[in-house]
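Reviewing the structure listed below.
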Amino acid sequence: MGSASDVRVLGIEGTAWAASAALYDGATDSVHIETEAYQPESGGLHPREAAEHMAEHLPKVAESVLERARNERDQPIDAVAFSRGPGLGPCLRLAGTTARALAQRLDVPLVGVNHMVAHLEIGRHLSGFSSPVCLNASGANAHILGYRNGRYRVLGETMDTGVGNAIDKFTRHVGWSHPGGPKVEEAAANGSYVDLPYVVKGMDFSFSGIMSAAKDAVDTDGQSGAPVEDVCHGLQENIFAMLTEVAERALSLTGSSELVLGGGVGQNQRLQSMLASMCEQRGADFFAPENRFLRDNAGMIAVLGAKMYAAGDTVAIDDSGIDSNFRPDEVPVTWRDDDETVAVAPIQTAETVTGAEATVRQDGDKIIKRRNPREYRHPTLDEQLRKRRTRQEARLTQAARKAGVPTPLVRDVDLAKTTLVFQHVGDRDLRAALGTDTVETTARHLARIHQHGFVHGDPTTRNVRVDDASETVFLIDFGLGYHTDAPEDHAMDLHVLAQSLAGTTDDANRLTEAATRAYGTVGDAAVIDQLDEIEGRGRYQ
Ligand SMILES: C[C@@H](O)[C@H](NC(=O)OP(=O)(O)OC[C@H]1O[C@@H](n2cnc3c(N)ncnc32)[C@H](O)[C@@H]1O)C(=O)O
Ligand SMILES: Nc1ncnc2c1ncn2[C@@H]1O[C@H](COP(=O)(O)OP(=O)(O)OP(=O)(O)O)[C@@H](O)[C@H]1O
Ligand SMILES: [Fe+2]
């Protein structure tokens, strides 16, 4: 294996709006980027117009960067790297054609890069962090990833549209030109908070509810709608708090103390300040690359291309087809060692445990759980979430027990202090007691509460406690639960469990299959069909 430190790679990016080429020089670790942005005259990105933009500008930026490389050396570059996907098919095809032609002409190898992995690797490269949790906040995507056993694992992601696309749809609705993100940021600075939906499911989240509520809020319909600056302010507060909350959950679940940000929406100062505040509050390190590396750019493609090239990960021209639904977890990570896995949280034995949202203290046979204020969240939203979740946790913990699922007894609820007192249950959590039996029992418990019309909302391996002597499996932490009979919502519980298994153990596939089978012995088969549908969904809208 070579080292990326002495190679020069030409990167080509053309997934959607940025016709971009870049030169990465490993010897100096410097990146030169040239980009021509496609700006639609009206509405959102039109795939055909975007492709015409690529056809016109990609060859120009590529030649210009190559010219610069030639002025520096006789053998200008060692490899050509290009974004293979995800993205708009017509654009990807042009970027692929441009890259193949260059590689052939210069007689150098071709490297096919996953654009989403490039968005996160650039942050890892620039921060020097060893194995961070990565938040990708881009136009067509939103997900939280951690490296484990040769792959970037998706710990959480959007259940519908990408975060930038969601914001851009709102700005189209109010008649603002593309891209909407910077305009929302500017307007939000002059607005005050309005209440909007907030949807987090484990480490997944969805934007459809908040986006339609935001559109309704500005629509006047003969009556006076909310000022658009206020809605922009509320939108940013809620959407970015959702992303920050799942990032915090991922840090808590993995025990990692490093977070990096990627993607065009990452340029937003409010998002950056929330993430920085959250990390500071929990003693983690946060890194956001400069803007030229956050928005789509060929620099990140060239940098990852150099790492892949050094690892021998090149692709033959004939096999270099594009993939518009290319997911980050499909990429075999050849440029990192298997043992670089994102941290796994040590199993805490201290009397006070700090979870993702609460401080939990043991006092004899009692557990005192307090949801603490989160400085990154708007105070109104913060108080509303803490109260709602405390109330819901008390109610659903009791409802589950009535349904025959072991849960701790609720000894006291104090909504003003957002504090709950529970009976202490179990010897250890499911992470420490992983096995087919315990995972199957967990799945059957979920099926049972679903039959009683509600979901847990966050059934991770840490929210299951196992009592060894009686072999009892308890569900705890129902704060994200809610009443619903929709198979999609029920399937999300199973999906969250599967994702948390993937984030905790190398044996996740086998355990997930066992869980699904066990669920089927008690629960509705339609839920399992829906789970397949969720997991097969290419969420690139
Ligand atoms: C697949 C690929 O083509 C796609 N790329 C992409 O979406 O471009 P990117 O540069 O990462 O992000 C663009 C998005 O970033 C948003 N954006 C730009 N500046 C922003 C700001 N200050 N605040 C919020 N959003 C912002 C834009 O509104 C737009 O939706 C992706 O990475 O998902
Ligand atoms: N009733 C209980 N009996 C025994 N241990 C408990 C109980 N409730 C909570 N714990 C312990 O405290 C930890 C954190 O509790 P809980 O999950 O309710 O808080 P949280 O802040 O939502 O944490 P997380 O983000 O990890 O889900 C649990 O993982 C568990 O180990
Ligand atoms: Fe992107």
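- By the 4.0 Å N-to-carboxylate-O rule, Arg428 lies close enough to Asp468 to be salt-bridged with it.
- A donor-acceptor pair is defined here as one N or O able to donate and one able to accept, closer than 3.5 Å; such a pair exists between the side chain of His445 and the backbone of Val473.
- Between His495 and Leu531 the shortest side-chain heavy-atom distance falls below 4.5 Å.
- Proximity of a side-chain donor or acceptor of Thr418 to a complementary backbone N or O of Lys387 within less than 3.5 Å is not detected.
- Checked for salt-bridge contact, Arg124 and Glu258 miss the test: no charged N lies under 4.0 Å from a carboxylate O.
- Atom CD of Glu383 sits in a sparse spot, with 12 or fewer heavy atoms from other residues, nucleotides or ligands closer than 6.0 Å.
- The pair Glu185-Arg270 does not meet the salt-bridge criterion, since no charged nitrogen lies less than 4.0 angstrom from a carboxylate oxygen.
- Checked by atom type and distance alone, the side chain of Asp204 never pairs as donor or acceptor with a backbone atom of Met159 at under 3.5 Å.
- For Gln398, the CD atom is densely surrounded, since the number of other residues' heavy atoms within 6.0 Å is greater than 12.
- Atom CD of Glu375 has 12 or fewer heavy atoms from other residues, nucleotides or ligands within 6.0 Å.
- A donor-acceptor contact shorter than 3.5 Å links the side chain of Asp160 to the backbone of Ser208.
- Both tests hold for Arg336 against Tyr147: distance to the six-membered ring centre under 6.0 Å, angle to the ring axis within 45°.
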